[in-house]
Amino acid sequence: MCGRTSCHLPRDVLTRACAYQDRQGQQRLPEWRDPDKYDPSYNKSPQSNSPVLLSRLHFEKDADSSERIIAPMRWGLVPSWFKEDDPSKLQFNTANCRSDTIMEKRSFKVPLGKGRRCVVLADGFYEWQRSQGTSQRQPYFIYFPQIKTSGSIGASDNPEDWEKVWDNWRLLTMAGLFDCWEPPEGRDCLYSYTIITVDSCKGLNDIHHRMPAILDGEEAVSKWLDFGEVSTEEALKLIHPTENITFHPVSPVVNNSRNNTPECLVPVDLLIKKELKAIGSSHRMLQWLTKKPPKKEDLKTLQKTESDVPPRSSQFLKKGPFATKRGSARLLEQWLKQEKEEEPVTKRLQSQ
């Protein structure tokens with residue numbers, strides 16, 4: 001399953017991270033739709049807005065289906081055929097869509113048939129693991145392995161820099177479906193999405209038995225989005241587990257979705273209960289996060305309850321080759337330490 005994510009990048013930086021090549025091989029940046037609805041956060045939960053990639057052809061009939069739009073959408077798909085006047089009255093959970101039943105449930109089969117495929121963007125996602133025989137749960141942050149990069153993660157005022165190939169933090173790209181619901185009283189359409197899930201890969205199976213369907217690489221992302229050229233049958237071949245993933249344990253601070261600080265992502269040591277001086281990927285993530293955080297809150301205000309923890313988890317992680325696959329921990333730690341030395345930023349990024 002996938003019930004919590006992080007997507008904290010400022011809007012212009014997120015745009016640069018989503019640079020792509022169109023069908024003609026031209027380097028492009030996706031354009032935004034409703035950019036003011038984007039709310040960066042280290043701790044996103046269902047019913048919040050998150051950025052998704054989709055084909056421009058969904059909005060412009062004569063557009064090239066390989067061209068991309070970024071649009072903030074509500075997490076938790078509201079079907080177009082829903083008849084009530086309030087999305088909260090939906091009687092079933094649509095935050096996730098199981099790949100093995102996607103063609104059986106009307107809520108997902110209809111948008112899939114219409115080509116309403118999207119890519120959900122995130123720094124990574126959280127998953128909770130339950131210890132055998134207890135109600136205790138340990139959260140983990142899960143993301144793409146990272147490589148060492150140079151340059152600043154921050155915003156650039158030079159348009160020429162925006163066109164350069166992105167060589168910094170690699171966003172997690174998850175396969176999703178979206179739909180458009182029109183309220184009975186004629187208000188604006190509500191765009192919403194669901195994240196497709198698959199059986200967990202071997203590396204994550206000890207944390208949880210389900211994981212998002214991750215699109216690993218530009219080719220997979222392009223095929224999933226390009227509903228004008230890639231059939232549903234071909235696109236569904238992209239939906240499968242991937243082993244190209246890494247993770248580290250994090251603090252229970254993330255348990256409450258109201259807690260929105262970099263502390264949600266800090267690696268912790270499960271034995272001594274303090275910040276983990278990890279190596280590789282997690283270290284790079286720490287350095288990256290502190291370059292441009294969305295906001296800084298006083299840790300004294302953090303909620304310490306665990307009421308928002310997703311209900312499912314598995315047993316404590318066993319020792320093995322995947323347990324030490326935490327290449328980004330060192331960079332993550334550096335970034336967060338740098339952030340503590342900077343001035344606090346506003347609660348919400350101002351639209352440009």
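This chain uses plain numbering: 1 for the first residue, then up along the sequence. Computed over heavy atoms, backbone and side chain alike; hydrogens, waters and symmetry mates excluded.
Heavy-atom contacts from other residues, nucleotides or ligands closer than 6.0 Å to CD of E60 number more than 12. At most 12 heavy atoms of other shown residues, nucleotides or ligands fall within 6.0 angstrom of atom NZ in K83. Within a 6.0 Å sphere centred on CG of D188, heavy atoms belonging to other residues, nucleotides or ligands number 12 at most.
A donor-acceptor distance shorter than 3.5 angstrom exists from the side chain of Q146 to the backbone of F144, with no hydrogens or angles considered. S231 places a side-chain N or O within donor-acceptor distance of the main-chain N or O of E234, the cut-off being under 3.5 Å. Side-chain atoms of E229 never come within 3.5 Å of backbone atoms of F227 as a donor-acceptor pair (strictly under, hydrogens ignored). In this structure, R74 contributes its side chain and G76 its backbone to a donor-acceptor pair below 3.5 Å. The backbone N or O of A175 lies less than 3.5 Å from no partner atom in the side chain of W224, so there is not a single donor-acceptor pair. The backbone N or O of A95 sits less than 3.5 Å from a side-chain atom of T194, completing a donor-acceptor pair. In this structure, the side chain of R56 does not engage the main chain of A63 through any donor-acceptor pair within 3.5 Å. In this structure, N49 contributes its side chain and D39 its backbone to no donor-acceptor pair below 3.5 Å. The closest donor-acceptor contact from the side chain of N259 to the backbone of V254 lies at 3.5 Å or more, if one exists at all. In terms of modelled atom types and a separation under 3.5 Å, the side chain of T173 and the main chain of V119 share no donor-acceptor contact.
N96 CG to C2 SG: the interatomic distance, rounded to the nearest 0.5 Å, is 6.0 Å. Separation of atoms CZ (F82) and CG (D179) is listed at 12.5 Å; rounding is to 0.5 Å. Here the straight-line distance linking atom CZ of R117 with atom CG of L54 works out to 12.0 Å at 0.5 Å rounding. Going from atom CG of D216 over to atom CD of E243 covers 11.0 Å, rounded to the nearest 0.5 Å. The structure places CE of M103 at 5.5 Å from NZ of K109, a figure rounded to the nearest 0.5 Å. To the nearest 0.5 Å, atoms CD1 (I245) and CD1 (I214) are separated by 3.5 Å.
Of all non-hydrogen atoms in Y140 and F247, the two that sit nearest each other are CD2-CD1, 3.8 Å. Here the closest non-hydrogen pair linking M211 and T242 is CE-O, 3.9 Å. Taking all atoms of both residues into account, the shortest heavy-atom contact from F92 to S107 is CE1-OG, 3.3 Å. Nearest heavy atom pair, residue K114 against residue S80, reads NZ-OG, 4.2 Å. Across all non-hydrogen atoms, the minimal contact from R4 to N256 is NH1-C, 4.1 Å. Closest of all the heavy-atom pairs between W75 and G3 is CH2-C, 3.5 Å.
Counting only heavy atoms from C-beta outward, the side chains of V253 and N43 never approach each other to under 4.5 Å. Residues C7 and K44 have side chains in contact (heavy-atom distance under 4.5 Å, counting atoms from C-beta outward). You'll find the side chain of I69 stays beyond 4.5 Å of the side chain of L53, heavy atoms only. No side-chain heavy atom of P111 sits less than 4.5 Å from a side-chain heavy atom of F178. Side-chain atoms of L172 and I142, non-hydrogen and from C-beta on, never get closer than 4.5 Å to each other. The closest side-chain heavy-atom distance from Y126 to L265 is below 4.5 Å. For the pair R130/W128, no side-chain contact is recorded, criterion being any heavy-atom separation below 4.5 Å from C-beta on. Counting heavy atoms from C-beta on, the side chains of L177 and R116 never come closer than 4.5 Å.
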For this session: I would like to know whether L238 and V230 meet side-chain contact (heavy atoms from CB on, under 4.5 Å); could you show each step before the answer?
Result: CA-CA 11 Å; L238 301 168; V230 181; 5.9 Å; no
For this session: Walk me through it: do T5 and V120 pass the test side-chain contact (heavy atoms from CB on, under 4.5 Å)?
Result: CA-CA 10 Å; T5 65; V120 182; 5.9 Å; no
Exercise. After noting the C-alpha distance and the side-chain angles of V250 and V266, does the key distance pass the side-chain contact (heavy atoms from CB on, under 4.5 Å) rule?
Worked result: CA-CA 6 Å; V250 294; V266 174; over 6 Å; no
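Defined by atom type and a distance below 3.5 Å, a donor-acceptor pair is present between the side-chain atoms of T15 and W32.
Under the ring-ring contact (aromatic ring centres under 6.0 Å, His included) criterion, Y191 pairs with F59, not counting sequence neighbours. Residues passing the salt bridge (Lys or Arg N to Asp or Glu O under 4.0 Å) test with K105, sequence neighbours excluded: none.
Remark: R11 fails to qualify as a cation-pi partner of Y38 under the 6.0 Å distance and 45° angle criteria applied to the six-membered ring.
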Only pairs under 3.5 Å count here: list side-chain donor-acceptor contacts from residues 17-25, not counting sequence neighbours, and write none if there are none.
{"unit_1": "Y20", "atom_1": "OH", "unit_2": "R68", "atom_2": "N", "d": "2.9"}
{"unit_1": "D22", "atom_1": "OD1", "unit_2": "Q24", "atom_2": "N", "d": "3.0"}
{"unit_1": "D22", "atom_1": "OD1", "unit_2": "G25", "atom_2": "N", "d": "3.1"}
{"unit_1": "D22", "atom_1": "OD1", "unit_2": "Q26", "atom_2": "N", "d": "2.9"}
{"unit_1": "D22", "atom_1": "OD2", "unit_2": "R28", "atom_2": "NH1", "d": "3.3"}
{"unit_1": "R23", "atom_1": "NE", "unit_2": "D64", "atom_2": "OD1", "d": "3.3"}
{"unit_1": "R23", "atom_1": "NH1", "unit_2": "D226", "atom_2": "OD2", "d": "2.9"}
{"unit_1": "R23", "atom_1": "NH2", "unit_2": "D64", "atom_2": "OD1", "d": "2.7"}
{"unit_1": "R23", "atom_1": "NH2", "unit_2": "S65", "atom_2": "OG", "d": "2.8"}
{"unit_1": "R23", "atom_1": "NH2", "unit_2": "D226", "atom_2": "OD2", "d": "3.4"}

